[in-house]
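Encoded as structure tokens, the structure appears first; notes follow it.
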Amino acid sequence: MERVLTRDVKSHAGKRVLVRGWLHKKRLIGGINFILLRDRGGVVQVVVQDEAELEKLRSLQIGTVLAVEGDAVEEGRAPGGAEIHEPRITVEVPVTDEPIIEIDKPLSHKHENLDTLFDYRHLGLRNLKEQEVFKIRAALVRRIREYLTQNEFTEIHTPKLLAGATEGGAEVFKTDYFGKEATLAQSPQLYKQMLVGAFERVYEIAPAFRAEPSATTRHMSEVYMLDIEMGFINGLDDVLNTVQDMTHYALIKIYGECAEELKNWEAPELVLKEKFPRYTVAEVHELYTKATGTDTTHEKDLIPDEERWICEHAKKEQGCEAVFVTHFPKE
RNA sequence: GGGGCUGUGGAGCAGCGGAGUGCUCGUCUCCCUGUCACGGAGAAGGUCGCGGGUUCAAAUCCCGUCAGCCCCGCCA
């Protein structure tokens, strides 16, 4: 029998269907029992009343891979409005290890728990809410690609294992390349510039590696970076306008298509205008110093608190929380 | 690199010098025919991160060490 996704059970009401996926939750009430089955489309409820079928799941843990053949039934009391009755259950891959992470409940993201969360991320991501973070990220990247493609940027993929450093400043990770020293790319900068000569407009979304002694969320040794390079510009404004329009496009799209996910994660309302406010580093120092009394006018760069502050400031004063800060370093 | 904090059953936490390490969730057994973070009864599960010291007595205080987290710096 052809496999049906959990989200399509409702449209198959009245027919016999086969679903395959992971055991997501058991709710054993007694004479009637509910099990939830998860696949890439979500979760469907299966009603188990036959003792022999239920016995197949005894001592099997959440995560067990199942095939369930049964009657698709429209049912208002079921989550999603449909469920499967009279199931015939086949255990495809039994799981007997006790679950470390409870995937049907909200996961704690308190920083004390991050170690556990990261160690078992593959399990935690079976939590439907956790998956939303990845869906939002994937949608954002897709929309950025879409915008850049529409504007005739060619996507490139450049080497990450290099003979030397590409950019001054950041420390590079050194590694062995068949007896010779190699470094992990800290930026695709040189390749981008070379390829502007071929394609005029290029971009890359790829990891960059920096061996900074940093141990905070502000900067990590491995980050995913969007790099854009374009030729035949008339000045800085052309660059800013491209980044501005791309950001505006992608965020508006995301807030539409991921509205439910963003709401679940209590994302704040998007406060954005088509034209982002533009400041110089020196201007931000002046505004910040005046507003907070902390003198930053001697700083070359924005301090971390200024970065947060200027966005809040622009949100209140300009109705747009995205800003450009240019003319670094302050001379 | 500087500062602050945390390591206690599988997970999250409480206990912070003195009687038996306690709670919530999970796991196992039994009961339960519409649950949806189901409910009820019972049970199992712990070198209190590791090493040393102080003390009549250490999960608790001190020193060291390992692991992790946060802020700043570093970085664009």
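Just so it is clear: chains get the letters A, B, ... in the order the sequence lines come, proteins before strands, and each one is counted from 1.
A straight line from CG of Asn264(A) to P of A37(B) spans 14 Å, rounded to a whole angstrom. Atom CG of Leu107(A) and atom C1' of G10(B) are 15 Å apart (whole Å). Rounded to whole angstrom, the span from the CD1 atom of Ile100(A) across to the C1' atom of U27(B) amounts to 12 Å. When rounded to the nearest whole Å, the span between CZ of Arg210(A) and P of G73(B) equals 17 Å. Between the P atom of G73(B) and the CD1 atom of Ile303(A) lies a distance of 7 Å, rounded to the nearest Å. In this structure, Tyr120(A) atom OH and G26(B) atom P are separated by 19 Å, rounded to whole Å. Between the C1' atom of G26(B) and the CG atom of Leu123(A) lies a distance of 14 Å, rounded to the nearest Å. Following rounding to the nearest Å, Ile101(A) (CD1) and C25(B) (C1') show an atom-to-atom distance of 13 Å.
Counting non-hydrogen atoms of other residues, nucleotides and ligands closer than 6.0 Å to CZ of Arg121(A) gives a total above 12.
To the nearest whole angstrom, the two C1' atoms, one in C71(B) and one in G10(B), are 32 Å apart. For the C1' atoms, the distance linking G12(B) with A41(B) amounts to 25 Å, nearest Å. Taking atom P in both G64(B) and U24(B), one finds a spacing of 38 Å when rounded to whole Å. Rounded to whole Å, the separation between the C1' atoms of C13(B) and G53(B) comes to 30 Å. If you take atom C1' in U47(B) and the same atom in A43(B), they sit 24 Å apart, rounded to whole Å. U29(B) and U65(B) have their P atoms separated by 48 Å, with the value rounded to a whole Å. Remark: the separation of the C1' atoms in G4(B) and G52(B) is 26 Å, to the nearest Å. Between the P atoms of G22(B) and C69(B), the separation comes to 31 Å (whole Å).
Listed pair Arg308(A) / C71(B) fails the phosphate criterion, with no side-chain N or O lying under 4.0 Å from OP1 or OP2. Listed pair Thr116(A) / G12(B) meets the phosphate criterion, a side-chain N or O lying under 4.0 Å from OP1 or OP2. Distances shown here put every side-chain N or O of Lys25(A) at or beyond 4.0 Å from the OP1 or OP2 atom of U35(B). Proximity of Arg58(A) to the phosphate of U29(B): a side-chain N or O atom is located under 4.0 Å from OP1 or OP2.
In this structure, Glu204(A) CD and Lys160(A) NZ are separated by 3.5 Å, a value rounded to the nearest 0.5 Å. Taking CD1 of Ile84(A) as the reference point, atom CD of Glu75(A) lies at 13.5 Å (rounded to 0.5 Å).
For the segment residues 75-82 of chain A, residues with any heavy atom less than 4.0 angstrom from an atom of RNA chain B are, sorted by number, Glu75(A), Arg77(A), Ala78(A), Pro79(A). Within residues 26-38 of chain A, the residues having any heavy atom under 4.0 Å from RNA chain B are, by residue number, Arg27(A), Leu28(A), Ile29(A), Gly30(A), Gly31(A), Ile32(A), Phe34(A).
Residue Gln61(A) places no side-chain atom within donor-acceptor reach of the base of U27(B), judged by atom type and a 3.5 Å distance cut-off alone. At a cut-off of 3.5 angstrom, the base of G26(B) holds at least one donor-acceptor pair with the side chain of Glu98(A). Side-chain atoms of Gln49(A) stay outside donor-acceptor range of the base of G34(B), with no qualifying N/O pair under 3.5 Å.
Both distances falling under 3.5 Å, in either a Watson-Crick or a G-U wobble arrangement, occur for no nucleotide opposite G9(B). Of all nucleotides present, only C50(B) satisfies the Watson-Crick or G-U wobble test against G64(B), with each distance under 3.5 Å.
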List the steps, then state whether salt bridge (Lys or Arg N to Asp or Glu O under 4.0 Å) holds for Glu132(A) with Lys135(A).
CA-CA 5 Å; Glu132(A) 291 176 348; Lys135(A) 287 180 176 172; over 6 Å; no
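Leu28(A) and Ile32(A) sit in two unconnected hydrophobic clusters of ILVMFWY residues. Membership requires side-chain heavy atoms under 4.5 Å apart, directly or through other members.
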